[in-house]
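Side chains are part of it too, since the values below use all heavy atoms of this structure and drop only hydrogens, waters and symmetry mates. Because the structure is predicted, anything quoted here is derived from the model rather than measured. Chain naming here is simple, since letters A, B, ... match the order of the sequence lines and numbering starts at 1 in each.
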Amino acid sequence: MSSRYNIKETEDKWRKIWEDRESFKVTENSDKPKYYVLEMFPYPSGSIHVGHARNYIMGDIVARYRKAKGFNVLHPMGWDAFGLPAENAAIERSEHPDKWTHENIDVMRDQLKSMGLSIDWSREFATCDAEYYRHEQKMFLDFYKKGIAYRKESVVNWDPVDHTVLANEQVIDGKGWRTGAPVERRKLNQWFLRITDYADELLECLQKLDGWPEKVRIMQENWIGKSKGLQFNWNIKDHEDQIEVFTTRPDTLFGASFLALAPDHPMAEKLCEGIEGFEDFVQQCQSVGTSEEAIAQAEKLGFDTGHKATHPLLPGKEYPIYVANFILMDYGTGAVFGVPAHDQRDLDFARKYDLGVIPVILPPDEDAETYAIENEAYTDDGIAYNSEFLDGLNKQNAIHAAIKKCEEIENGTGKTQFRLRDWGVSRQRYWGCPIPFVHCEACGTVPVPEDQLPVTLPPDVNFDTPGNPLERHPTWKNVECPKCGKDATRETDTFDTFFESSWYQFRYCDPHNENLPVGKDKAKYWMPKGGGVDQYIGGVEHAVLHLLYARFFTKAMRDCGYVDCDEPFTGLFTQGMVTHQTYQGHNGQWLFPEEYQEITDKSTVKVGSPIKMSKSKRNVVAPEEISETYGIDAARLFMVSDSPPERDVEWTEGGIEGAWRFVNKLHRLVDEATLPAANENEPKDFSEEALTLRRAIHKAIQGVAQDIENFHMNKAVARIRALSNAVSDYKEGGWALREAIEVLTRIINPFMPHLAEELWNMLGHDTLLVDEPWPELRKELLVEDSVTIGVQVNGKVRASITLPADADNKAFEDEALAQDNVKKAIEGKQVRKIIVVPGKIVNVVVG
RNA sequence: GCGGGUGUGGCGGAAUGGUAGACGCGCUGGUUUUAGGUACCAGUGGCUUAGGCCGUGGAGGUUCAAGUCCUCUCACCCGCACCA
């Protein structure tokens, strides 16, 4: 009788051994090539659930695989520890954010450690600790000196009841989440980073990031939104001012029927001064919220200023000037001319306010006499008409001609605009990195001298009143001006938490450096010029913001002399979420899965479709409860088994049980196998069965390696299972069986490292598998000596034939035609053509 | 609204334009067992007049050959700058 696999005990044992031997500690002193694996670090929200775990498991598979492949692997972990949830916790249970955060970190570190991740824990840090954020204060001062950081007015969501700035996620249907009061837009002086100065470089380098998913590159490209167009002026009738507009469609210049200004455009106020209803209209626009989505989705509304604009190229014609809620002050000039025929938003607007719709681009196959726009604007290419000197030109030529003409009459120029806006980094919150500036009435905005860094957060704060406690802190806020010594106040805003996550990849290279964010030599080793983190892994939800900010920050750090690296992440993989069913009781309250299990009358419970695991929906599964029953190896395997990593995976009981059965099966396989000694020499001859097995073994060595490198973990698992089936079916024993089992043990190692280590030990080795290389590939065993392919008649499969791999086309043809089914199918018909694709297919075309 | 993505058996999913459904879950029947679970063996897309026919969200198209390429279309998911 075989011994049962004591999962828990065994997993604990090997983790302890790895830890005692410091198996995952790395230094820069190595002859091996470096490999840097990084998963997006967690926010310490309380506890890890298996939804988070998938990310770290995939990273760990890569890290362990690369280590076996002979790389010097850096695989670190830390905490993205500043953020809003800590303040919410402080308000809800009056616990200090620092205490709450560090308690959470302690819990989550233990959880992560229990997953057997090959992490160098000596490099751990939390971004909320002054040892970390002091460096970003210094870098911010450098950015300021270099002109990368500056201050300007910008709009925030304002809760008029709480007197608090709200995050977009705290604005629900235009109302504050706590107070329910309609949210206002308010202007504040805030800090910005000039990411737009880097727009072209960010765009250019994107082309070279071929280790990134295409979709992420496209998203970033669209986000940066480089567009060329025309910027020119319209005169206002009986008014000395002009309105400057930007358009990407100068070819539609003659199709204009109105001008529209952003509600916060300076000219809007000027033109509407004293007009009744204007202020109400602006207020209405401002209650929509600041998110682009909210603005875009809102019903198109306009306010007629009563003024008329005159067309720069059509003297005498007049156009109404509106203020419109869908025009953004941040983009272009904050003013547009509306061409309803060729822009859907303009068309919606024109229909609503009964403005003219003048088609000026004729689609192919349309007649200029009869062509008319109904309710859909035509935005594609066509031939310009109704357009004076542009008539007859296509889109591209018309654009050039229109720009040329405007330049000739000295009203306007061709211009490049970016959709990308400068990065606003000010947050009116406590739990973030203090911005190291002082405001002095005499000296203005004064940087905190470097020898006074870090500016640390005062611990003595309370959250009894809404708003930022730094604002009302008596001793912290009021300081002497570093320049003139008079009374001054500290900047009470803190940094956007994307600030911390924009450079942490560097900090791991040298996490305990007191003088610099990262030592130059260490940065050069792990993140040299032309290469950064070799494999970065995280959710696709970060495709734009975090990943764009980190790219920008890296370039800004480079320009300030901190690092050589241009791009932080050489390879990127965006993984899907872990979903789970939800359960709602009769009152609509969310139930935990175990609560659902205990309910006897299941009909009272509404079972929801699988959605992303989240605490609020109570559909989370804790890794501890899984490792208790099934072991963490089973969970690791399941996480990457069935679904492709980029796709969502649904956590199910059945799935984890299947993985667990496989863990046990492998243990039993090794336990029950009768094998020759580990050091026995390879025999000269093998039976046909042994050869077949050996081919399967070496195909798996190659296939699993390729699958891991291509992030096809699910396919790697399928291959491993197929090999294990082949091994179970193999009845001969002997040298080939030992080879098979040893290879199996090594290739499961990245996925199920505890089990693999145990099996390695059972196989009589006194080394640690964690230090062993990937199994050696015997290329000569990859070649098949026969090949089986399908035979089609007119594209339908009728038979299957097997021939020696080196047979010629004629042989395939003859064999195909000799098949009974083929004969039957072509009976009475004339064979017109026979297509033989070697190794693939034979297709007999008859007719 | 804008941008990105996904759609294949009962389920998760395989498939350089070349035998659709690998691998697994579930299910059905059987074997073993201390009851169950575990383990093992066999089967498992649909229809069928048993010869085949139909099948990759839907409709067209290209090709000797389409899940894969092209056009249109439907459904669902994610992001949208102060959540991280």
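Within the structure, every side-chain polar atom (N or O) of A:Arg186 is placed at least 4.0 Å from both OP1 and OP2 of B:rC82. The shortest distance between the side-chain N/O atoms of A:Arg427 and the OP1/OP2 oxygens of B:rC82 is below 4.0 Å. Contact between the side-chain N/O atoms of A:Arg345 and the OP1/OP2 oxygens of B:rC2 is not found at any separation under 4.0 Å. An OP1 or OP2 oxygen of B:rG52 is reached within less than 4.0 angstrom by no side-chain nitrogen or oxygen of A:Lys796. Taking only side-chain nitrogens and oxygens, A:Lys824 comes nearer than 4.0 Å to OP1 or OP2 of B:rG52. Residue A:Arg647 places none of its side-chain N or O atoms closer than 4.0 Å to OP1 or OP2 of B:rG5.
Contact annotation for A:Ser641: no contact, since no heavy-atom pair falls under 4.0 Å across all strands. Residue contacts for A:Val544: at a heavy-atom cut-off of 4.0 Å it reaches no nucleic acid atom on any strand shown. Using a 4.0 Å heavy-atom cutoff across all strands shown, A:Trp423 reaches no nucleic acid atom at all. Backbone-only contact: A:Arg721 has heavy atoms under 4.0 Å from sugar-phosphate atoms and none from a base. A:Gly655 comes within contact range of no nucleotide atom at all, as no heavy-atom separation falls under 4.0 Å. A:Gly424 comes within contact range of the sugar-phosphate backbone alone, with a heavy-atom separation under 4.0 Å but no base atom that close. Residue-level contact check: A:Asn725 touches the backbone only, with heavy atoms under 4.0 Å from sugar-phosphate atoms and none from bases. At a threshold of 4.0 angstrom between heavy atoms, the contacts of A:Leu84 are confined to the sugar-phosphate backbone, with no base atom among them. Among the heavy atoms of the strands lying under 4.0 Å from A:Arg798 are primed sugar atoms or P, OP1, OP2 only; no base atom is included. Contacts of A:Ile218 with the nucleic acid, taken as non-hydrogen atoms under 4.0 Å apart, involve only primed sugar atoms and P, OP1 or OP2. If you check every strand for non-hydrogen atoms under 4.0 Å, A:Phe498 touches a base.
With both ends at atom C1', the span from B:rG79 to B:rU73 equals 24 Å, rounded to whole Å. As rounded to the nearest Å, B:rU44 and B:rU49 have C1' atoms that lie 24 Å from one another. Taking atom P in both B:rA22 and B:rG13, one finds a spacing of 15 Å when rounded to whole Å. Taking the C1' atoms as reference points, B:rU34 lies 44 Å from B:rG46, given to the whole Å.
Between A:His546 and A:Tyr504, the ring planes lie tilted relative to each other; the angle falls in the 30° to 60° range. Ring orientation note: the planes of A:Phe573 and A:Phe711 are close to parallel, at an angle under 30° on the 30°/60° scale. Ring geometry, A:His342 versus A:Tyr378: the interplanar angle exceeds 60°, so the pair is classed perpendicular (tilted spans 30 to 60°).
In summary, the aromatic rings of A:Tyr549 and A:Trp423 are positioned with their centroids under 6.0 Å apart.
You'll find a donor-acceptor pair under 3.5 Å spanning the side chain of A:Gln190 and the base of B:rC82, going by distance alone. Between the side chain of A:Arg719 and the base of B:rC23, no donor-acceptor pair under 3.5 Å is found. For A:Gln428 and B:rC82, a side-chain-to-base donor-acceptor distance below 3.5 Å is present, hydrogens and geometry of angles not being considered.
Closest to the side chain of A:Lys215, from the set B:rG4, B:rC40, B:rC80, is B:rG4. Ranking B:rC40, B:rG52, B:rC80 by closeness to the A:Asn821 side chain, first place goes to B:rG52. Proximity note for A:Asn714 (side chain, C-beta onward) versus B:rC82, B:rA14, B:rG18: the nearest is B:rA14.
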- Query: Would A:Phe553 and A:Phe499 count as a ring pair (Phe, Tyr, Trp, His ring centres under 6.0 Å) if you check the C-alpha gap in whole Å, the side-chain angles of each, and the deciding distance to 0.1 Å?
  - Reply: CA-CA 8 Å; A:Phe553 212 98; A:Phe499 213 101; 5.0 Å; yes
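In this entry the base of B:rG9 is syn relative to its sugar, with a glycosidic angle within 90° of 0.
In this structure, B:rA14 forms no base pair with any nucleotide, since neither Watson-Crick nor G-U wobble geometry is met with both distances under 3.5 Å. With a cut-off of 3.5 Å on both pairing distances, B:rA20 has no Watson-Crick or G-U wobble partner at all. B:rC76 is paired with B:rG5 under the Watson-Crick or G-U wobble criterion, all donor-acceptor distances under 3.5 Å.
Side chain to side chain, A:Asp159 and A:Thr179 meet the donor-acceptor criterion of an N or O pair below 3.5 Å.
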